[in-house]
Amino acid sequence: MNRHFFGDTAVLLGRSLRHISRSPDTIITTAIMPIAFMLLFVYVFGGAIQTGSDNYVNYLLPGILLITVASGISYTAYRLFLDMKSGIFERFQSMPIARSSVLWAHVLTSLVANLISLVVVVLVALAMGFRSGAGVLAWLAVTGIMMLFTLALTWLAVIPGLTAQSVDGASAFSYPLVFLPFISSAFVPTQSMPGPVRAFAENQPVTAIVNTIRDLFAHQHVGGDIWIALVWCAGLLVVAYGVAMTIYRRVIS
């Protein structure tokens, strides 16, 4: 690893964060859709959905947090696409900086922006009646899982950011990720789903992650779902990172 990697990444991270600070509507837009879903399901559909929980917002919030991240990472692909088309990558290549620091700056910017959006969503959920018996360690565990999930999806977003031919193409890939929680245990128990749908819902990563976060919030024993969730997140992170770096080296060569 280039000995200037950390310093170069910090400088480029500051550049990306300044761009976000000048357009806070990015974070606002990211949080609006998940909050709208939360309001819709709690106040419109919540009374008709049987989850076995007295407080539907408690049941719903973990899935909303995943939707927040899935919505937010589209901006990573968008910002990376703009940098690719603006020619700034060629300027960076002419400088004595670590090449991978350019991508890591975008990834860490996504992590910071999404954490802010997640805090906003949790605050709205608290105003809607969300309550948790979780202790400090449980909250730290939730934060760690969400950070790992965000890193995995962000490196996945780097791929279309480097390869897309249009702005729409760079950000549109996130749409399936946003709707994946709807076919999981995020909104309703999987037991109510028909056979094939239930089989898919119970064996996709979102369900394991949602169930783990829900148990942590409820201060309940966390079963095997946490290991399934960690394996899914870590596996996706490793694969997405490897593919993204391979494409990046080919693009800048």
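In this chain, residues are counted from 1 in sequence order.
- Annotation for Ser185 and Val210: closest pair OG-CG1, 3.9 Å, computed over non-hydrogen atoms.
- Taking OG from Ser132 and CZ from Arg214, the interatomic distance works out to 13.0 Å, rounded to the nearest 0.5 Å.
- Taken from CD1 in Ile64 to OH in Tyr59, the straight-line distance is 12.5 Å, to the nearest 0.5 Å.
- Between Ala201 and Ser184 the shortest heavy-atom distance is CB-CA, 3.9 Å.
- Each salt bridge (Lys or Arg N to Asp or Glu O under 4.0 Å) pair with one or both residues in residues 190-205, not counting sequence neighbours, appears once here: Arg198-Glu202.
- Residues Phe81 and Tyr175 are members of separate hydrophobic clusters, defined by side-chain heavy-atom contacts under 4.5 angstrom among Ile, Leu, Val, Met, Phe, Trp and Tyr.
- Residues Val231 and Val142 do not share a hydrophobic cluster, defined by chaining ILVMFWY side chains whose heavy atoms lie under 4.5 Å apart.
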Donor-acceptor pairs under 3.5 Å, side chain of residues 143-151 to any protein atom, not counting sequence neighbours: which ones?
unit_1: Thr143; atom_1: OG1; unit_2: Trp139; atom_2: O; d: 2.9
unit_1: Thr150; atom_1: OG1; unit_2: Met146; atom_2: O; d: 2.7

Indicate every side-chain donor-acceptor pair of residues 220-229 with a distance under 3.5 Å to a residue at least two apart or in another chain.
unit_1: Asp225; atom_1: OD2; unit_2: Asn211; atom_2: ND2; d: 3.4

Requested in this report: I would like to know whether Trp155 and Leu103 meet side chain to side chain contact (heavy atoms under 4.5 Å, CB included); could you show each step before the answer?
Outcome: CA-CA 9 Å; Trp155 277 107; Leu103 290 188; 4.0 Å; yes

Requested in this report: Just do the side chain to side chain contact (heavy atoms under 4.5 Å, CB included) check on Val239 and Leu156 with the steps written out, would you?
Outcome: CA-CA 9 Å; Val239 171; Leu156 189 63; over 6 Å; no

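- Counting only distance, with no hydrogens or angles, the side chain of Ser74 and the backbone of Ser71 share a donor-acceptor pair below 3.5 Å.
- In the displayed structure, Tyr56 atom OH is contacted under 6.0 Å by more than 12 heavy atoms of other residues, nucleotides or ligands.
- Residues passing the side chain to side chain contact (heavy atoms under 4.5 Å, CB included) test with Ile247 are Ile159, Leu162, Thr163, Val243, Arg250, Val251, sequence neighbours excluded.
- In this structure, CD1 in Ile67 is found 9.5 Å from CG in Leu180, a value given to the nearest 0.5 Å.
- Leu140 and Ile209 fall into different hydrophobic clusters, where Ile, Leu, Val, Met, Phe, Trp and Tyr side chains are chained together by heavy-atom contacts under 4.5 Å.
- Listed by chain and number, the residues in a ring-ring contact (aromatic ring centres under 6.0 Å, His included) with Phe200 amount to none (sequence neighbours excluded).
- The two atoms that bring Val178 and Pro181 nearest to each other are O-CD, 3.1 Å, heavy atoms only.
- Partner Ser110 forms a side chain to side chain contact (heavy atoms under 4.5 Å, CB included) with one of Asn114, Leu108, Val107 and no other, that one being Asn114.
- Nearest approach of Ala152 to Ala240, heavy atoms of both residues: O-CB, 4.1 Å.
- No more than 12 heavy-atom neighbours from other residues, nucleotides or ligands sit within 6.0 angstrom of CD on Gln165.
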Query raised in the report: Are Ile73 and Leu177 close enough, and set up right, to give a side chain to side chain contact (heavy atoms under 4.5 Å, CB included), and what steps lead you there?
Result: CA-CA 10 Å; Ile73 52 102; Leu177 299 178; 4.0 Å; yes

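- Here Leu237 contributes atom CG and Leu230 contributes atom CG; the two are 12.0 Å apart, rounded to the nearest 0.5 Å.
- A ring-ring contact (aromatic ring centres under 6.0 Å, His included) with Phe187 holds for exactly one of Phe37, Phe41, Phe179; it is Phe41.
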Requested in this report: Please step through side chain to side chain contact (heavy atoms under 4.5 Å, CB included) for the pair Ile35 and Val120, ending with a clear verdict.
Outcome: CA-CA 9 Å; Ile35 290 173; Val120 172; 4.2 Å; yes

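- Contact record, Asn58 with Gly129: OD1-O, 4.2 Å, taken as the closest heavy-atom pair.
- Side-chain atoms of Arg131 do not come within 3.5 Å of backbone N or O of Asn55 as any donor-acceptor pair.
- With a 4.5 Å cut-off on side-chain heavy atoms, Leu39 and Met128 count as touching.
- There is no path of hydrophobic side-chain contacts, each under 4.5 Å, that joins Leu126 to Val136.
- Contact check for His106 versus Val158: no side-chain heavy atoms found under the 4.5 Å cut-off.
- Not a single donor-acceptor pair under 3.5 Å links the side chain of Thr207 to the backbone N or O of Asn203.
- Residue Val69 is grouped with residue Phe130 when hydrophobic side chains (ILVMFWY) are merged at heavy-atom distances under 4.5 angstrom, including chains of intermediate members.
- With rounding to the nearest 0.5 Å, the separation of CG in Leu65 from CG in Leu61 is 4.0 Å.
- Residues passing the ring-ring contact (aromatic ring centres under 6.0 Å, His included) test with Tyr43, sequence neighbours excluded: none.
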